[in-house]
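A, B, ... follow the sequence lines: proteins, then strands. Residue 1 opens every chain.
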There are 2 protein chains.
Amino acid sequence: MNVPAALRNCRLFAELPEADLRLVAALAGARRFDAGTPLFEAGDPADRFYVVAAGRVKVFKLGEQGREQILHVAHPGESFAEAAIFAGRAFPAAAETLEESTLIAIPAAPFLDLLRRNPELTLRLLGGLALWLRRLVDLVEDLSLRDVQARLAGFLLREASARSLDLRSGARIPLGTTKALLARRLGTVSETLSRTLYKLQQEGAIRVVGRDVLVVDPKRLRALAGDRKEVPAARGS
Amino acid sequence: MNVPAALRNCRLFAELPEADLRLVAALAGARRFDAGTPLFEAGDPADRFYVVAAGRVKVFKLGEQGREQILHVAHPGESFAEAAIFAGRAFPAAAETLEESTLIAIPAAPFLDLLRRNPELTLRLLGGLALWLRRLVDLVEDLSLRDVQARLAGFLLREASARSLDLRSGARIPLGTTKALLARRLGTVSETLSRTLYKLQQEGAIRVVGRDVLVVDPKRLRALAGDRKEVPAARGS
DNA sequence: CGGCTACTTGACTGTGGTCAATTGGTGTGG
DNA sequence: CCACACCAATTGACCACAGTCAAGTAGCCG
């Protein structure tokens with residue numbers, strides 16, 4: 001059995017000895033999914049996790065009234081739901097493909113066996129989870145302590161640095177998807193996102209061009225991202 | 001060198017072979033701290049983590065204007081900040097003792113060595129982090145998708161089940177600390193918590209007696225915890 | 001050209017955070 | 001034993017942020 005390229009390119013398995021890679025590959029099943037296919041819901045038995053070979057997948061929490069909070073959007077080469085197979089037997093969140101996607105499902109039980117025989121892989125996994133924790137802590141901070149404007153500004157800055165764009169020369173940041181999706185990532189709704197983008201434009205920090213954002217004034221953007229909320233916006237009358 | 005009881009009782013190290021326990025103990029340094037002592041701030045180099053031997057420690061994010069979101073309150077036998085030593089070199093949050101506490105600090109570098117030689121411990125750690133992730137996902141859900149009333153109701157239910165109290169016979173849940181602390185755990189402020197406790201009382205779900213909460217109507221409490229937000233609270237006029 | 005979706009804009013309102021004053025409980029010292 | 005200080009908790013008044021509903025616009029594809 002040969003090893004799918006997606007596994008080889010996956011951060012989690014990078015540098016894994018060929019033999020082990022084959023073991024993983026032996027477990028794995030790749031499948032194509034249409035856009036918008038639910039993969040699992042919160043509460044489903046967590047007996048597997050996924051590696052994205054192609055496409056994109058959103059992992060999210062659903063509240064009553066159908067509001068959703070997106071926790072993560074997994075891109076090709078990333079794995080998701082790997083934490084779920086360690087704690088409890090149920091997925092804590094739901095997942096759904098955003099577009100037509102090819103996913104590799106890795107069943108929990110044999111993978112856990114593999115881990116027992118492969119401390120190096122376990123350590124790598126540990127690092128991955130720790131990173132995840134950090135992201136979630138940041139999300140909590142955003143939701144609890146920052147307003148939408150600060151979250152959005154922060155998101156743009158992170159996005160720019162993730163794509164290693166040079167902010168000084170007016171970076172052009174592609175939002176990548178619909179604004180409704182971004183809104184739900186930031187813990188808000190599309191209407192508010194729309195207004196907030198407009199406000200950032202008024203402030204002179206950015207310019208919105210279609211689905212791209214031009215960073216006009218990085219300094220101001222940084223100020224809005226970090227030091228928000230200290231100006232209680234002058235009392236009326 | 002003998003092994004401190006706190007290490008032996010720590011969930012993370014339970015069942016660890018005596019020899020390894022000694023190795024950990026050899027690394028560790030126990031120290032007493034006064035109440036309200038800052039242990040580290042967000043951004044400090046994460047070169048160690050802690051096990052609580054006695055007392056309590058809060059781990060929290062600080063926003064501008066001094067508002068804080070508590071991520072965790074660590075009790076004796078628990079470890080905290082262990083994730084930080086794997087991802088990045090900085091603590092993502094701050095920590096401070098709530099009362100006079102004795103803490104065991106475990107330096108990162110030698111501990112990582114120990115892990116490399118101890119796959120069993122690594123796996124246990126993995127499980128611990130995964131559990132943490134789940135809690136944080138729940139916190140995100142709370143902050144993003146539930147109102148304060150639902151969060152509070154949910155907290156009371158979790159607290160009751162954690163202490164394995166029988167709800168049917170009017171469980172008495174001790175809040176354990178000041179209401180200000182609880183408020184910051186739930187992502188709100190003491191004033192709002194006060195009002196919300198009052199509302200839950202009006203609804204007939206609970207009765208507040210000093211720093212204890214009596215669960216009067218578990219069914220209603222569960223309804224308020226889970227299905228919140230679907231009743232837009234009857235229009236005025 | 002019609003229909004669909006993404007997006008924007010407007011008007012409105014609820015939740016909950018802020019500030020400030022009051023109450024209550026507890027420990028200390030005269 | 002009372003007066004005082006101190007802190008936790010409550011209550012009231014206010015208001016801003018952001019979510020909802022609804023209508024309108026833009027862009028895209030068949």
Side-chain angles (χ1 to χ4, degrees), chain A residues 35-36 63-69 98-99 142-153 174-202 207-213 224 228-237, chain B residues 35-36 63-69 98-99 142-153 174-202 207-213 224 228-237:
Chain A
E64 358 289 325
Q65 304 107 331
R67 270 196 67 202
E68 74 179 29
Q69 169 68 53
L98 286 173
E99 33 188 90
D142 269 9
L143 292 172
S144 179
L145 304 171
R146 299 179 129 109
D147 59 26
V148 173
Q149 183 166 7
R151 281 180 240 167
L152 175 55
L175 295 183
T177 43
T178 70
K179 292 179 184 169
L181 192 76
L182 175 55
R184 278 170 275 149
R185 282 237 277 160
L186 296 176
T188 184
V189 294
S190 60
E191 293 97 321
T192 299
L193 176 62
S194 196
R195 287 186 246 264
T196 310
L197 278 168
Y198 180 77
K199 267 203 289 180
L200 284 184
Q201 243 179 142
Q202 290 308 304
R207 243 165 58 80
V208 181
V209 183
R211 281 188 181 172
D212 291 4
V213 170
L224 292 173
R228 249 319 64 198
K229 279 187 170 175
E230 91 285 42
V231 184
R235 290 296 156 83
S237 113
Chain B
E64 357 290 323
Q65 304 104 333
R67 270 196 67 204
E68 74 180 29
Q69 169 68 52
L98 285 172
E99 31 189 273
D142 270 9
L143 293 173
S144 179
L145 304 171
R146 298 179 128 108
D147 59 25
V148 173
Q149 184 167 9
R151 279 180 242 166
L152 175 56
L175 295 184
T177 42
T178 69
K179 291 178 185 170
L181 192 77
L182 175 55
R184 278 170 275 151
R185 282 236 278 160
L186 296 177
T188 183
V189 295
S190 60
E191 292 96 323
T192 298
L193 177 61
S194 195
R195 288 185 245 264
T196 308
L197 278 169
Y198 179 77
K199 269 203 289 180
L200 283 184
Q201 243 179 143
Q202 290 308 305
R207 244 166 59 80
V208 181
V209 183
R211 281 186 182 174
D212 291 4
V213 171
L224 292 173
R228 244 325 59 196
K229 280 187 171 176
E230 90 285 43
V231 184
R235 292 294 155 83
S237 113

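Look at NZ on Lys199(B): it is 8 Å from C1' on dT15(C), rounded to the nearest Å. Arg146(B) has its CZ atom 18 Å from the C1' atom of dG19(D), to the nearest Å. In this structure, Tyr198(B) atom OH and dA9(D) atom P are separated by 18 Å, rounded to whole Å. One interatomic measurement links the two molecules: CG of Leu197(A) to P of dT9(C), which rounds to 11 Å at whole-angstrom precision. Put simply, CG on Leu145(A) is 11 Å from P on dG17(C), counting in whole angstrom units. In this structure, Arg211(A) atom CZ and dA26(D) atom P are separated by 17 Å, rounded to whole Å. Separating the CG atom of Leu152(B) from the P atom of dT15(C) is a distance of 16 Å, rounded to the nearest angstrom. Atom CD in Gln69(B) sits about 10 Å away from atom P in dG17(C), given to the nearest Å.
From Leu182(A), atom CG reaches atom OG of Ser190(A) across 10.5 Å, with rounding to the nearest 0.5 Å.
Taking every side-chain heavy atom of Thr192(A) into account, dA18(D) is the closest of dG10(C), dA18(D), dT18(C). Among dA8(D), dT15(C), dG12(D), the nucleotide with an atom closest to any side-chain atom of Asp147(B) is dT15(C).
Legend: residues meeting side-chain hydrogen bond (donor to acceptor under 3.5 Å, both in side chains) with Glu68(B), ordered by chain and number and at least two apart, are Lys58(B), Arg184(B). Take Val208(B) and apply the side-chain contact (heavy atoms from CB on, under 4.5 Å) test, not counting sequence neighbours, and it matches Lys179(B), Leu197(B), Gln201(B), Ile206(B). Taking Thr196(B) as the reference, Val148(B), Gln149(B), Leu152(B), Thr192(B) meet the side-chain contact (heavy atoms from CB on, under 4.5 Å) condition, with sequence neighbours excluded.
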Between the protein and nucleotides 21-25 of chain C, are there any N/O to N/O pairs under 3.5 Å, and if so, what are the atom names and distances?
none

What's touching nucleotides 28-30 of chain D from the protein side, N or O pairs under 3.5 Å?
none

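Here the shortest heavy-atom pairing between Leu143(B) and Leu143(A) reads CB-CB, 4.2 Å. The two residues Ala183(A) and Val189(A) have their closest heavy-atom pair at CB-C, 3.4 Å. Here the closest non-hydrogen pair linking Gln69(B) and Ser144(A) is OE1-OG, 2.7 Å. Contact detail for Ala35(A) and Leu98(A): the closest heavy-atom pair is CB-O, 3.9 Å.
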Stepwise side chain to side chain contact (heavy atoms under 4.5 Å, CB included) test for Arg195(B) and Lys199(B):
CA-CA 6 Å; Arg195(B) 288 185 245 264; Lys199(B) 269 203 289 180; 5.9 Å; no
Under the criterion side chain to side chain contact (heavy atoms under 4.5 Å, CB included), I'd like the reasoning laid out for Leu224(A) against Leu200(A): C-alpha separation, chi angles, the key distance, then a yes or no.
CA-CA 9 Å; Leu224(A) 292 173; Leu200(A) 284 184; 3.4 Å; yes
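Proximity of residues 174-190 of chain A to DNA chain C (heavy atom under 4.0 angstrom from any strand atom) is restricted to Thr178(A), Lys179(A), Ala180(A).
Remark: side-chain polar atoms of Arg151(A) are paired, donor with acceptor, to backbone N or O of Arg146(A) under 3.5 angstrom.
For Glu191(A) and dC7(C), a side-chain-to-base donor-acceptor distance below 3.5 Å is absent, hydrogens and geometry of angles not being considered. In this model, a side-chain donor or acceptor of Arg195(A) finds a partner on the base of dG10(C) within 3.5 Å.
Side chains of Arg211(B) and Thr178(B) form a contact here, defined as non-hydrogen atoms less than 4.5 Å apart.
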